[in-house]
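Here's the structure, in structure tokens; my notes come after.
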Amino acid sequence: MRLATWNVNSLKARLSRVEAWLASSSPDVLCLQETKSTDAAFPAGRFATLGYESVHHGNGRWNGVAILSRVGLESPRPAFHGEDPAAVTECRIVAATCAGARVVSVYVPNGRVVDSEFYVAKLEWLARLRAELDATCAPGAAVAVCGDFNVAPADLDVFDPAQFAGATHVTGRERDALAVVLRWGLRDVVRELSPDGPGPFSWWDYRGGAFHKGEGMRIDLALLSAPLASRVTSAYVDREERKKGTSGEVPSDHAPVVVDIDW
DNA sequence: ATGGTAGCGCTGCTA
């Protein structure tokens with residue numbers, strides 16, 4: 001099974017690239033973040049034509065998450081369990097069972113400024129994600145939590161730790177909150193297969209030619225429970241997708257993270 | 001050189 005996660009920074013603006021990437025990379029399951037789409041506008045029909053079932057949770061303009069699968073998509077759940085999806089103001093989590101694996105697509109809040117109300121809400125959101133796993137899954141089952149975590153887990157995940165010292169995405173409290181999620185029983189398989197850094201980065205600022213200068217961060221993660229992690233054959237970032245297209249199409253500021261699993 | 005880019009949507013916010 002090929003499992004991937006990609007923050008597309010607007011599905012409407014990126015649809016042709018997403019469709020091309022599905023055709024060229026053939027993921028079995030793709031988690032999307034920042035669709036900036038409503039459920040009504042989500043192009044489920046286009047994806048169905050390509051052989052993918054899908055579930056989307058979004059209310060337009062900002063945020064929005066989805067899962068596409070061509071290996072079955074059962075028990076879709078937009079929002080945290082027990083939440084009324086229609087009442088959610090920030091759509092940041094959706095789950096579905098694909099080929100017997102519980103797949104969760106997450107878009108963790110950015111946090112904006114350290115110690116701001118948004119930063120506090122980010123820490124709380126990560127704590128809620130851990131509680132969600134405790135309440136809805138077992139670490140002995142096949143579980144994949146994939147998405148844009150907006151946290152660089154270690155200094156190895158930042159191009160210049162000194163430049164980012166004390167900034168959001170790298171603070172100890174954010175890393176601790178992410179570590180609590182991991183301690184539920186998840187493994188960061190890209191880092192396991194690429195123990196040396198810096199990188200591999202998954203996000204580069206649009207500004208200042210950051211991508212071509214190699215100035216990125218690794219904030220998009222595929223976190224797998226032991227039954228899945230033990231069967232991983234490769235895990236990597238598709239940096240090619242971050243380059244501009246020949247027809248001048250703009251890429252997302254994030255690259256897809258891809259995991260191949262003997263599953 | 002106190003900036004820069006992209007998306008949404010039409011003004012300034014979010015990232």
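In what follows, chains are A, B, ... by sequence order, proteins preceding strands, each numbered from 1.
- A salt bridge links R2(A) with D260(A): the distance from a Lys NZ or Arg NE/NH1/NH2 to an Asp or Glu carboxylate oxygen falls below 4.0 Å.
- Close to dC8(B), at under 4.0 Å from its OP1 or OP2, lies a side-chain N or O of S10(A).
- Hydrophobic clustering (ILVMFWY, side-chain heavy atoms < 4.5 Å, transitive): L15(A) and L30(A) are in one cluster.
- Among residue pairs with one or both ends in residues 141-165 of chain A, those qualifying as salt bridge (Lys or Arg N to Asp or Glu O under 4.0 Å) are D155(A)-R175(A), D157(A)-R191(A), D157(A)-R218(A); sequence neighbours excluded.
- Using cut-offs of 30° and 60° for the angle between ring planes, the W204(A) and F211(A) rings count as perpendicular.
- Within the structure, every side-chain polar atom (N or O) of K36(A) is placed at least 4.0 Å from both OP1 and OP2 of dC13(B).
- Listed pair R112(A) / dT14(B) meets the phosphate criterion, a side-chain N or O lying under 4.0 Å from OP1 or OP2.
- Nucleotide dG7(B) holds its P atom 13 Å from the NE2 atom of H254(A), rounded to whole Å.
- Nucleotides dG12(B) and dA1(B) are separated by 24 Å at their C1' atoms, to the nearest Å.
- Atom CD1 of I219(A) is separated from atom C1' of dA15(B) by 10 Å (rounded to the nearest Å).
- F42(A) and F47(A) have tilted rings, their planes meeting at an angle from 30° to 60° on a 0 to 90° scale.
- A heavy-atom distance below 4.0 Å to DNA chain B is reached by these residues of residues 204-212 of chain A, ordered by number: Y206(A), R207(A).
- With sequence neighbours excluded, the residues that form a side chain to side chain donor-acceptor pair (under 3.5 Å) with R207(A) are D205(A).
- Atoms CG (D253(A)) and P (dG4(B)) sit 18 Å apart, rounded to a whole Å.
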